[in-house]
Amino acid sequence: MKSSLTGKLTFALVEPDTGLAHAVTMSPPGIVDELRRSGLRGRGGGGFEVAEKWRLCAAAEGPGRFIVCNAAEGEPGSFKDRAILQGFAQLVFEGMTIAAAAVGASRGILYLRREYGYMAAHMESVLAARRHAGLLGQCIPGRGDFDFDISIHLGDGAYVCGQETALLEYLEGRRGEPRNRPPWPTTRGLRGAPTVVHNVETFAWVSCVLARGAAWFKNLGTAGSPGLKLFSVSGDCQRPGVYEFQLGFSISELLETVGAERVKGVQIGGASGRMIPPSQFHRTIAMEDLPYGGAIIVFGEERDMLDVAGNYLRFFVRESCGQCVPCREGTRRLLDGVERLRQGRCPAVHLDRLCELGNTIRLTSKCGLGQSAPQAFLSIVSHYRRELMGRERHERG
Amino acid sequence: MLTTERDRIGLEIEKLVRSYHNDCGALIAILQEVQRRYRHVSQYAMQVIADALDVHPAQVFSVVSYYRFLSTTPRGRFVIQLSDCIAHDAVERAAVARQLENDLGIRFGETTVDGLFSLEHTGCIGMCDQGPVVSVNGRIHTQFTADRVGALLRDCLGGGDMVAAPGRD
Amino acid sequence: MSAAKKRKAVSKKQPGTCQAPSALVRMEIDGTPVTVPMGTTILDAAASIGIPIPTLCSHPDLCRSGNCRICCVRVEGQDALQSACVYPIAEPIRVTTGGRDIRMARQHIVELLLAAHRGTCTTCRRSDNCELRALAASWGPDHLLFEKPEDCPEREDASMPGIVRDMDRCILCRRCVRTCSDLQAVGAFEPVGKGDDITVGTFAARPLKDSLCIACGQCVVRCPTAALSVADGTDRVFAALDDPRRRVVVSVSPFVSAAIAEEFGCPPGTWMESRLVTALRRCGFDAVYDAHLAGNVLTVAQMMALLKELWIRFNSLEDTRRPILSSACSAWVRWVEHFAPDVLDWLFPLRGPDDLMGALLRAHGEPDATIVAAVPCTACHLEIQRNSGTGAVRGPDAMLTTVELARMIRRSGIGLSSLLEGAFDRPSFAPTDVMPRYPAHGPGSAVASLFIETVTGSRADIRFEEVGGDPGLSVARLTVDATAEVPDWLYPYIPQFNCLRGDILFGRVSGTAAARRMLSDIRAGGVFSRCAFIEVSACPDGCAGGGGQPVPTSPDIRRRRLEAVHAAVTATGSGMHRLHGAALAVPDPQRLIGASFEARGRFLV
Ligand SMILES: Cc1cc2nc3c(=O)[nH]c(=O)nc-3n(C[C@H](O)[C@H](O)[C@H](O)COP(=O)(O)O)c2cc1C
Ligand code: SF4
Ligand code: SF4
Ligand code: SF4
Ligand code: FES
């Protein structure tokens, strides 16, 4: 694991449970205020303001409340959550406990993707230790009335279960199909109760913010995207791995850090992100410019961008839950289009129509999966059109 | 003989469902356990579960069909999965795939007739920086190369520690 | 293994319109301000001011699912378009329902569905009332951009008599899924698989007949395409009619007369009986009978059973507190056989009216005729199956649902508007002075009406009232104050009516999901446990909403059909017992009217 800043991740420098110790001395709205001052946004892709989510959840009426940690990490190219859970599970559980104190929840659930099942034993032991230390369970010290415990649920191999409402469906024992929103989980989540769902990394940062203070976090990064963030970098580079950056860094800086040369494009945000061509490597990763997911994949000059588009689309065709028309039927048609391009059977007008279709999929799909599925394709078509067209014609086979 | 075997399984499953207080919210947890014990969720098992939870069998079937880790036909004792994460070196991965098919004599998506091995593709499993990646019953092998296939399979059969069951599964 | 004791998985989705807190929100649609109750969907708000938004997956009887996305609109401030049918208005939003993005999106959605849909409209039975085709006419493209799937395998499932499933025409709107689980408490259909492999299927892809389906056909009348349709039996009937040596007769259910006009473009609620009789004669039927008669026979039989039971209870020390449940609806009977076999003996075992009519005709005067029954129902086939080989007098030889009958009339080249009115033939068992039309299931329950008329000697206005706001459950409270003389024909059942003084409750239940709630209510000692008699039909709003009725259906359409039936009722119960007596004047009347049921349970293996 590497960091461009110090050679060490911040998570390794923060003393576990100082944040929690601090939080239990504060009032619940005080904790929310502290987070609001830090400007921390969710690290799971949506970038929603953490404090606002907590405020909504605390304000909602409900029988009980839940804190859910989303360790689905299904995004191709993302592995930062695995790294965090392996190295800093303490911070994640601590962050969940802080969230529970802030919104008044008594149960936490960590949804762990099945492929990470081998980490479950380690995490259970961390939980056991925390219970033993009185940091979980009944009457957590500092606040007599505060009970909170966490259980781990193993996922069952569906990418879309990372979508927060699909995850809740899963936890309720059904097909992990995203729900209609509104209502949002903060008002009606798990079993109808107000629920806060965050990414693994978000909870870890919550602990850091409470340990080091909102001002520390706010002063890092940019005005619109304060703070630090972890990125999984892979693909055609010399030093793939998990990196910590202040938000607002440029793609060229990143490529230099990870040792990537002769780069044809960089995919920001995993399969659901978009491809950035060299002409835009000056752009920065921050809410103000390129929205961030956790995954950055570098593609070298020898890659065929059509393959990349095809690989990502195939992923979505397979992983779509299949309930809504634009995503289920549309992604499949885009993939057909990629095949036609490959076989030299795609007239330019057809490609234009596919791009319009891509726009419809983006606009009308029910959940983020469909809404982001055409992005990689659309960005590749717009930046690498020359490379896609004019292929040798193959008859259908 | 056959019916008694089935009755036994039926009773076991009913007991399992009871341990979850016949709560249909626990459906997936129950299915995971059945899959783990019997390596698949049979039509009979689905019906027993449906009956105990008082839901229609089609509802159980629908859930089973949704999740990749649940299957209605027995999977091999060793489920070998090769990640098709795009970040991995495609050339090396293709070689690993061919070698696996060669050594096992089956194609991807199939199970050997002796029920020992299933060969599957899987999406990215969060090992993008260490590919190609092969997982055997959830146990991950990184930077895998075609020449390691033979040893891996021998290890499965010999019960070596390369394939020892991971923590919880 | 005992069934149906615990809570069924509650359907996860709430009806889009069900949460209606009293607070009002002022919002704006296409520049028009509108004030709606908090929680109203954009779709309903738009409809209230006459702005049409196309829909496909939503249906007036079902909870909203939001999966087709054709109803997309723009909510100001949101990047993505929103589905109007599932978007509850909770704050003063501004909505636009048109514009390029929305137009293109709807075109794309229709196009994607057409591309995945293997149907060919020119040979499709649902062509005229296919909702996909209608959407394509308004929103679809002029040319298909995408290729249709090349192979066109015939994958029809016609295993369930009366119903055909052709998944090549399915557009995955999941109305059938919601119908079967939420309205019918069966759940035969569920989404299977995911991603591009998703289908709507039965348990382990079994044929429908092996999937606990009760053949109610409710999914059929709600499917927007021809993926689910009524099996066509017209060819068989035409063949019989074409054979000059055969005598072919038909009996017509009043619910057919109440709905068939819709198939010819008339508004719902148009009563078409006498012209239908003429049309059927013109089709070549040698006689046309009124199936209402069998309904009357059943009404008398049920009332007799009820009086007998009440007398037994009066004399017994034990308070059994257990209502008699009707068994006239074969889909309901099948539901009990599968999902509540433990209450099978609460059913008074009688045949259904259309099946009984066939048997009565066969026993009286039409022994050699080919007997056809025109029915509103897809489940009648089950009853024929059930009775075969039991020694019962055989019912009709063929069943035609309302939609099949309309098809027959069209194919015979008959124009309805120019027809003269005709009258039903009188079957030989019906006494010449009685041809009563007695309230069938619907606004008043026949058994309750006849009961009160018989016991008190005068007719009463019977009003059923909804229980707990559930449109499927209602109860009527009747008061017996003065009692009449016990007529001779009832004397063997009950020697005096005085014991009946006081209040007596009759229940009426429609939809098997409502029936499931009724059973729980009985088990919990609720109002239904105090009912003397409960009439249950499997379809919401009873036979007016049968699975063989014209498409589309909605609460309003069914209400109008019921009103049409009710208006046609001329009513006095006098003489009904003579009809009953004459009809059953055979050596072994049980073979005519009786039925036997089988506890089937829910296991399929
Ligand atoms: C298809 C899909 C997959 C997702 N997968 C993940 C995931 O694996 N991990 C995650 O934290 N969030 C994932 N999300 C985002 C979640 O829906 C949700 O926004 C997030 O967990 C909120 O956490 P945050 O507030 O920390 O960002 C996914 C969203 C979609 C639409
Ligand atoms: S966008 Fe795709 S994944 Fe999301 S609900 Fe629709 S079909 Fe399912
Ligand atoms: S069968 Fe009909 S109702 Fe059912 S999902 Fe398909 S199209 Fe919709
Ligand atoms: S006919 Fe009735 S029971 Fe059968 S699948 Fe359709 S709705 Fe369900
Ligand atoms: S009608 Fe609204 S999504 Fe289908």
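Side chains are part of it too, since the values below use all heavy atoms of this structure and drop only hydrogens, waters and symmetry mates. In what follows, chains carry the letters A, B, and so on, assigned in the order in which the sequence lines appear, proteins first and then strands, with residues in each chain numbered from 1.
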Shortest non-hydrogen pair, Tyr118(A) vs Met127(B), comes out as OH-CE, 3.0 Å
Taking the side chain from Tyr66(B) and the backbone from Gly176(A), do they hold a donor-acceptor pair closer than 3.5 Å?
yes
Counting distance only, does the side-chain N/O of Arg68(B) pair as donor-acceptor with the main-chain N or O of Gly157(A) below 3.5 Å?
yes
Any idea which of Gly126(B), Ala87(B), Gly123(B), Ala29(B) has the most non-hydrogen atom pairs under 4.5 angstrom with chain A?
Gly126(B)
Chain B heavy atoms under 4.5 Å from Cys321(A): which part of the residue, side chain, backbone, both or neither?
both
Looking at every non-hydrogen atom in both residues, tell me the closest pair between Gln32(B) and Gly155(A) and how far apart they are.
NE2-O, 3.5 Å
Answer with side chain, backbone, both or neither: which region of Ile140(B) has an atom nearer than 4.5 Å to a non-hydrogen atom of chain A?
side chain
Asp129(B)/Arg82(A) salt bridge by N-O under 4.0 Å criterion:
yes
In Å, rounded to the nearest 0.5 Å, how long is the span from OH of Tyr116(A) to CD1 of Ile125(B)?
8.5 Å
Which heavy-atom pair separates Ser78(A) from Cys128(B) by the least distance, and what is that distance?
N-SG, 4.0 Å
Got a donor-acceptor contact below 3.5 angstrom from the Glu75(A) side chain to the Cys124(B) backbone?
no
Report, as yes or no, whether the 6.0 Å neighbourhood of atom CZ on Arg39(B) holds more than 12 heavy atoms from other residues, nucleotides or ligands.
yes
Specify the closest pair of heavy atoms between Arg174(A) and Ile28(B), including all atoms of both residues, with the distance to one decimal.
O-CD1, 3.4 Å
Give, for atom CD of Gln35(B) and atom CG of Asp156(A), the distance between the pair rounded to the nearest 0.5 Å.
8.0 Å
Please flag which part of Asp84(B) lies under 4.5 Å from any non-hydrogen atom of chain A: side chain, backbone, both or neither.
both
Proximity breakdown for Arg303(A) and chain B, heavy-atom pairs closer than 4.5 Å:
side chain
Walk me through whether Arg314(A) and Ile86(B) qualify under side chain to side chain contact (heavy atoms under 4.5 Å, CB included).
CA-CA 11 Å; Arg314(A) 211 167 296 117; Ile86(B) 188 146; over 6 Å; no
Does the structure place the NZ or CZ of Arg114(A) under 6.0 Å from the centre of the six-membered ring of Phe69(B), at an angle of no more than 45° from the ring's axis?
yes
With a 4.5 angstrom heavy-atom cut-off, could you sort out which part of Val160(A) is near chain B: side chain, backbone, both or neither?
side chain
By a 4.5 Å heavy-atom criterion (distance strictly below it), what part of Val308(A) contacts chain B: side chain, backbone, both, or neither?
both
Side chain, backbone, both or neither: which part of Gln130(B) has a heavy atom under 4.5 Å from chain A?
side chain
Does any backbone or side-chain atom of Ser135(B) lie under 4.5 Å from a heavy atom of chain A? Answer side chain, backbone, both or neither.
neither
